[in-house]
Structure formats: C-alpha cells, structure tokens
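This structure is a prediction, so every number in the text was calculated from the model and none was measured. Both counts, for ligands and for their atoms, begin at 1 and track the order of listing.
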Amino acid sequence: MRNALSIDLEDWFCVYNLRGVVEKQDWSKQELRIGRSTRLILKLLSEHHTKATFFVLGWIAERVPELIGEIEGHGHEIATHGYFHTLLTEMTPQSFEEDLKRALEVTRVCTHQEILGFRAPSFSITDKTSWAFEILERNGIRYDSSVFPIAFHPDYGMPTAPLSIHKVGELLIEFPLSCVEILGRRIPCSGGGYFRMYPYLLTKSLLKRCNREGRSAIFYFHPWEVDSKQPRVKLSWLKRWRHYYNLDKTLNRLDRLLSDFEFTSVKEVLGL
Ligand SMILES: [Zn+2]
C-alpha cells in the first residue's frame with residue numbers, strides 16, 4: 001500500500017513551540033538553516049526513489065525561492081503551509097484568507113505546478129475553525145491535511161473526525177493525520193514529535209496496523225527535525241523536550257522508515 005510522505009517546509013525558528021521566544025518580526029535576523037537540512041532530506045528521498053509533498057511556508061518561499069525550485073526539480077509536490085505560520089485558532093476567517101492568498105501568491109512564482117494542497121500551522125483546523133474548509137475550496141485548494149483526529153493535545157485536534165480520507169466540501173478532500181484506534185483510544189502514528197519520541201518499532205507497528213486496516217497513512221516531519229546543531233533557545237522543560245528530543249536520530253529513522261514502507265506524494269495517493 002502506498003502511503004503519503006509530507007514535509008512542512010519551515011525553519012527552526014518558525015515553530016509554534018518557540019512562540020514568545022523568537023518573535024515573527026525577528027525571523028529575518030535568525031540564522032537560516034533550512035537549505036542545508038532540506039538538501040539532506042532531498043538526498044535521502046533520492047536514495048529511496050521516493051517522492052514527497054512539501055507544504056511550503058510562504059515566508060520561506062519568499063526568502064529562499066531557489067530552494068523551492070530545487071525541490072520541484074527533484075520531482076516533488078509543492079503545496080502550501082500558509083504565509084506566516086499563524087494558527088487558525090488565532091485568526092479570523094478574513095485574516096486567514098489574506099494569509100492564504102499571500103502564501104499562494106509568493107509560492108506560485110517559485111513553481112510550475114498547480115498548488116493543490118494545504119496544511120494548517122500546528123494542525124489548527126479544529127471544530128472551532130472548520131470555517132476554513134470553505135475558504136480553502138474557493139481559493140482552488142483540492143485537499144487539506146490539517147485535521148488531527150485526537151482529543152488529548154492542548155493545541156490541536158478534532159476528536160470526532162473520521163480516521164480515513166473523506167470529503168469536507170463539494171470537491172475538497174481531507175487527508176487526516178494518521179492514527180490507529182486501540183481499545184477505544186486514538187494513537188497517532190504520523191510523524192513529527194511522535195516519531196522522535198516513540199521507539200522506531202512502535203511507529204512501524206502502528207503504521208503497519210493502519211495499512212492492514214486498509215488505510216494509506218500520511219506521515220510528516222520538518223527540516224529542523226534533522227538538524228541537531230540548530231541554535232538552542234531557552235524554553236520550558238516540556239517545550240525543550242518536544243523540540244529537541246532525538247533530533248540526532250531522525251535521519252537514520254527516516255532511512256529505516258523509507259526502507260520499510262512505500263511512500264509517495266499526497267496528490268499521487270489521492271489520485272489528483
Ligand atoms: Zn508548521
């Protein structure tokens with residue numbers, strides 16, 4: 001079974017976990033490390049003959065347009081992650097649409113592809129922000145992958161959303177972040193911090209279970225998660241653990257993951 005591989009293309013300082021430590025107006029003063037870490041990912045994907053979807057942050061596309069061209073040159077899908085990494089739960093429908101339009105505008109000039117996909121910063125399409133689906137659809141987006149169908153996370157989650165790919169508009173498709181249900185509990189198996197915190201074999205067995213249930217999984221990670229030498233900022237222990245734990249192991253684990261499962265871009269899995 002083919003699974004979808006996705007990379008949220010943002011640098012180490014764009015992360016919601018670092019809010020209040022590195023402010024948006026100071027982003028341009030930070031050391032850009034995304035080129036190096038993205039090239040490590042591109043190399044790994046080439047070695048495994050694997051295509052992926054890159055959800056590009058508009059601010060990054062504007063800053064390093066040549067990197068987006070390079071990703072496209074490797075045959076990967078370019079999608080959008082919004083412009084400024086503001087959570088939908090902190091925006092109005094109007095400011096979200098402005099952010100989306102700006103992201104599409106600056107990303108379209110870097111790619112020859114039609115941009116079909118969207119992922120919200122920190123999976124922030126929740127029951128309170130489901131107004132976003134209509135806005136995505138009228139801006140030409142064909143699929144969304146922002147819904148995390150879980151109940152336990154303080155920042156995101158749509159606890160009653162289906163676990164499988166489903167329609168959320170006339171044409172708009174939702175590819176929810178992959179979870180499996182065990183004894184009535186939904187356990188994420190879709191990457192990011194979960195991938196760094198679980199032992200590799202746990203991720204592997206959960207993904208296998210997802211595939212056995214007849215569902216293609218969607219897996220995500222970020223370039224900063226393969227960059228163990230990124231600048232360290234002062235964070236609470238919980239945030240420090242979330243952001244820095246096992247960064248030095250991610251690339252090797254991804255190598256194993258790409259050997260153990262078949263992955264491709266989201267649009268390929270959805271047949272778009
Ligand atoms: Zn993000």
message: Between Phe13 and Trp59 (judged by ring centroids, cut-off 6.0 Å), do the two rings come close enough to count as a pair?
response: yes
message: Can you tell me which N/O/S atom of His81 has the shortest distance to the Zn ion (ligand 1)?
response: NE2
query: Got an N, O or S from His85 under 2.8 Å of the Zn ion (ligand 1)?
result: yes
message: Any salt bridge linking Lys51 with Glu268? Criterion: basic side-chain nitrogen under 4.0 Å from a carboxylate oxygen.
response: no
Candidates Phe263, Phe195, Phe123, Phe175 - the one meeting ring pair (Phe, Tyr, Trp, His ring centres under 6.0 Å) with Tyr220: Phe123
message: Assess the residue pair Glu213 and Arg209 against the criterion (salt bridge (charged side-chain N to carboxylate O under 4.0 Å, His left out)); give the C-alpha distance rounded to whole Å, side-chain angles, the decisive distance to 0.1 Å, and a yes or no.
response: CA-CA 6 Å; Glu213 289 172 2; Arg209 184 171 174 142; 3.6 Å; yes
query: Is the Zn ion (ligand 1) less than 2.8 Å from an N/O/S atom of Glu10, whether that atom is in the backbone or a side chain?
result: yes
